[in-house]
Amino acid sequence: MIIKLVGGSKTVILEVNSVNPEAEKIRVAAKIIQEGGLVAFPTETVYGLGANALNSTTVLALFKTKNRPLDNPPILHIADTCQVYQLVQEVPKNAELLMKHFWPGPLTLIFKRSETIHKESVAGLDTVAIRMPNHNVALSLIKQSGTPIAAPSANLSGKPSPTTAQHVYDDLNGKIDVILDGGPTSIGVESTVLDLSVDPPLLLRPGGTTFENIKTVLPTVVLHSFVTSEQDVKVECARSPGMMHKHYAPNAEMLLVEGTVQAIISKITTLSEQYSGEGKKVGILATDETQKGYSAHVVKSMGSRFDLDMVAKELFKVLREFNENSVDVILAESVPLDGMGLAVMNRLRKASNYHIIKV
Ligand code: TXA
Ligand code: MG
């Protein structure tokens with residue numbers, strides 16, 4: 001099979017088998033990475049927008065394409081643990097343990113970086129974020145490219161992360177060379193970010209690897225206060241630059257209602273009537289158990305309260321769908337903070353820009 005990409009401003013979508021990616025398609029995409037281009041690709045969490053991590057010009061282009069603030073470094077994606085040793089000053093014992101348990105998988109580790117990495121690739125920090133994704137398309141692309149791949153989520157900065165190739169296309173068509181379409185991602189929220197350059201190890205972003213699971217391997221791990229924060233973090237307190245930037249926002253204003261399920265239903269029902277009375281189009285982000293009890297312009301479920309893995313998987317898709325329904329305001333339910341619920345609630349709070357109503 002010969003694949004030719006024709007020049008022009010359009011972005012090419014290449015469908016690729018997510019289990020056994022076609023070698024020719026991976027070769028085409030890897031060549032683009034090697035030549036300084038941008039390739040969106042699936043991981044098990046969300047789609048990433050990849051560039052050669054060792055080419056500072058390309059990494060700067062990556063920031064520009066996403067409208068990403070220059071102080072927010074990307075994660076470097078690798079396909080073999082031996083790549084870590086070339087990118088960092090030292091690999092602590094804790095890191096080796098975690099890599100063994102959780103890689104490939106949705107866990108990003110922060111190390112003290114080595115001099116081989118340009119400062120552009122780490123936004124001037126003396127640390128670097130590294131992960132090995134658990135997805136054959138991502139792994140094949142990294143191997144074939146022969147370089148670590150810097151890859152933030154493949155969305156425009158501030159928007160919900162993409163969990164399908166269509167989401168990437170909607171945000172970045174015409175701005176990037178290729179999207180490898182390996183179908184919807186399985187986890188749906190980004191990787192957990194864990195800082196091992198400090199003692200005790202600090203969980204900076206909850207994600208696809210749960211805090212409970214990490215604790216079984218690394219009992220000393222603690223949550224950064226921002227992970228469960230109910231208000232915006234002050235810039236000077238942000239250990240992870242991504243903490244302080246606007247995130248995951250749908251177009252409409254969003255209010256997050258937190259409390260017992262009965263109290264949530266009652267508050268959302270009252271607010272919905274109030275906003276509708278003002279002539280506003282109301283969207284409700286409900287759960288399977290509560291969805292039927294509401295009436296509004298549009299009511300969507302993010303999944304069952306008893307299956308928070310599924311809620312994580314659906315979350316960004318549903319947030320994006322509200323944009324198509326052109327609602328004026330979204331009233332969102334909270335979910336429990338256990339397991340994947342911690343990551344889901346962190347994303348919901350950010351998406352609402354911390355417009356939280358406690359009931
Ligand atoms: O699942 C994921 O992690 C996805 C897929 C594509 O791998 N990637 C992703 O990348 O979510 P991004 O760029 O959207 O988020 C990276 C996060 C940001 O919050 C950033 O601030 C943080 O990692 N980060 C990167 N380098 C860091 C560093 N040296 N120290 C602290 N935080 C860092
Ligand atoms: Mg992102």
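Both ligands and their constituent atoms are indexed starting at 1 by order of listing. Numbers here simply count residues along the sequence, with the first being 1.
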S.K.: When rounded to the nearest 0.5 angstrom, what is the spacing between CD1 in I268 and CG in L331?
M.R.: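 It is 6.0 Å, given to the nearest 0.5 Å.
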S.K.: Is the CD atom of E115 crowded by more than 12 outside heavy atoms at less than 6.0 Å?
M.R.: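 Incorrect, the count does not exceed 12.
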S.K.: Salt bridge check, D177 against K31: does any charged N sit closer than 4.0 Å to a carboxylate O?
M.R.: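 Looking at K31 and D177, the cut-off is not met.
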S.K.: What protein N/O/S atoms are there under 2.8 Å from the Mg ion (ligand 2), waters excluded?
M.R.: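 Short answer, with waters excluded from the count: S153 OG.
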S.K.: Give a yes or no on whether a salt bridge exists between R27 and E24, defined as a side-chain N under 4.0 angstrom from a carboxylate O.
M.R.: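 Yes, R27 and E24 are salt-bridged.
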S.K.: Mind checking whether T127 contacts ligand 1 via backbone (N, CA, C, O), side chain (CB onward), both or neither, at a 4.0 Å heavy-atom cut-off?
M.R.: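 Contact part for T127 vs ligand 1: both backbone and side chain.
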S.K.: Restricting to non-hydrogen atoms, name the atom on P160 and the atom on F316 that form the minimum distance, rounded to 0.1 Å.
M.R.: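 Distance-wise, the nearest heavy atoms are CB-CD2, 3.8 Å.
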S.K.: Applying a strict 4.0 Å limit to heavy atoms, is V122 in contact with ligand 1?
M.R.: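 In this structure, V122 fails to qualify as a contact of ligand 1 - no heavy atom is under 4.0 Å.
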S.K.: Find all atoms of ligand 1 within a distance of less than 4.0 Å from any non-hydrogen atom belonging to P152, and give their numbers and elements.
M.R.: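 The list of qualifying atoms is 10 (O), 12 (P), 13 (O).
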S.K.: Under 4.0 Å from a heavy atom of G48: which atoms of ligand 1 are those, numbered in the order shown and with their elements?
M.R.: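 Those qualifying, in numeric order: 6 (C).
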S.K.: Is T43 in polar range of ligand 1, meaning some N or O pair under 3.5 Å apart?
M.R.: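 It does not: no N or O of T43 is found under 3.5 Å from an N or O of ligand 1.
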S.K.: Among all residues two or more places apart in sequence or in another chain, which pass the side-chain contact (heavy atoms from CB on, under 4.5 Å) test with T270?
M.R.: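 So T270 forms no side-chain contact (heavy atoms from CB on, under 4.5 Å) with any residue.
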S.K.: What I'd like to find out is whether the side chain of V122 reaches to under 4.5 Å of the side chain of T127, using heavy atoms alone.
M.R.: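 Answer no - side chains too far apart.
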S.K.: Taking only heavy atoms of A129, which atoms of ligand 1 are found under 4.0 Å from at least one of them?
M.R.: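 Counting from 1, the qualifying ligand atoms are 25 (C), 26 (N), 27 (C).
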S.K.: Using 0.5 Å steps for rounding, measure from the CD1 atom of I13 to the CD1 atom of I179.
M.R.: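 If we round to the nearest 0.5 Å, I13:CD1 and I179:CD1 are 4.5 Å apart.
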S.K.: Could you tell me whether some N/O pair between N72 and ligand 1 is separated by less than 3.5 angstrom?
M.R.: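 Looking only at distances, the answer is yes, because the N/O contact criterion of under 3.5 Å is met.
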S.K.: Around E15, counting heavy atoms of other residues, nucleotides and ligands shown, do more than 12 lie under 6.0 Å from its CD?
M.R.: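 Counting other residues, nucleotides and ligands, CD of E15 stays at 12 neighbours or fewer.
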S.K.: Which ligand 1 atoms are under 4.0 Å away from a heavy-atom of H77?
M.R.: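 Those qualifying, in numeric order: 5 (C), 6 (C), 7 (O).
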S.K.: Taking both backbone and side-chain atoms of R68, is any N or O found less than 3.5 Å from an N or O belonging to ligand 1?
M.R.: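 By distance alone, the answer is yes.
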S.K.: Where do R68 and P73 come nearest, in terms of heavy atoms and distance?
M.R.: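 Closest approach of R68 to P73: NH2-O, 3.0 Å.
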S.K.: State, with a plain yes or no, whether a side-chain heavy atom of H135 is found less than 4.5 Å away from one of F41.
M.R.: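 No - every pair of side-chain heavy atoms lies 4.5 Å or more apart.
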S.K.: Backbone, side chain, both or neither: what part of R131 comes under 4.0 angstrom of ligand 1, heavy atoms only?
M.R.: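 The answer is the side chain.
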S.K.: When only distance counts, is S153 in polar contact with ligand 1, meaning an N/O pair under 3.5 Å?
M.R.: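 Between S153 and ligand 1, an N or O pair is found under 3.5 Å apart.
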S.K.: Under 4.5 Å between any side-chain heavy atoms of T45 and T185, yes or no?
M.R.: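 No, too far: nothing below the 4.5 Å cut-off.
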S.K.: Should you measure from each heavy atom of I110, which atoms of ligand 1 turn up under 4.0 Å away?
M.R.: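 In order of numbering, the contacting atoms are 27 (C), 28 (C), 30 (N), 31 (C), 32 (N), 33 (C).
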S.K.: Heavy atoms, side chains only, cut-off 4.5 Å: are F102 and N213 in contact?
M.R.: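 Yes, at least one pair of side-chain atoms sits under 4.5 Å.
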S.K.: Go through ligand 1 atom by atom and flag the ones less than 4.0 Å from a non-hydrogen atom of P73.
M.R.: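 The atoms of ligand 1 under 4.0 Å from a heavy atom of P73 are 20 (C), 24 (N), 25 (C), 26 (N), 27 (C).
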S.K.: Backbone, side chain, both or neither: what part of A151 comes under 4.0 angstrom of ligand 1, heavy atoms only?
M.R.: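 Answer for A151: backbone.
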S.K.: Heavy-atom contact check, 4.0 Å cutoff: does R113 meet ligand 1?
M.R.: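 No heavy atom of R113 comes that close to ligand 1.
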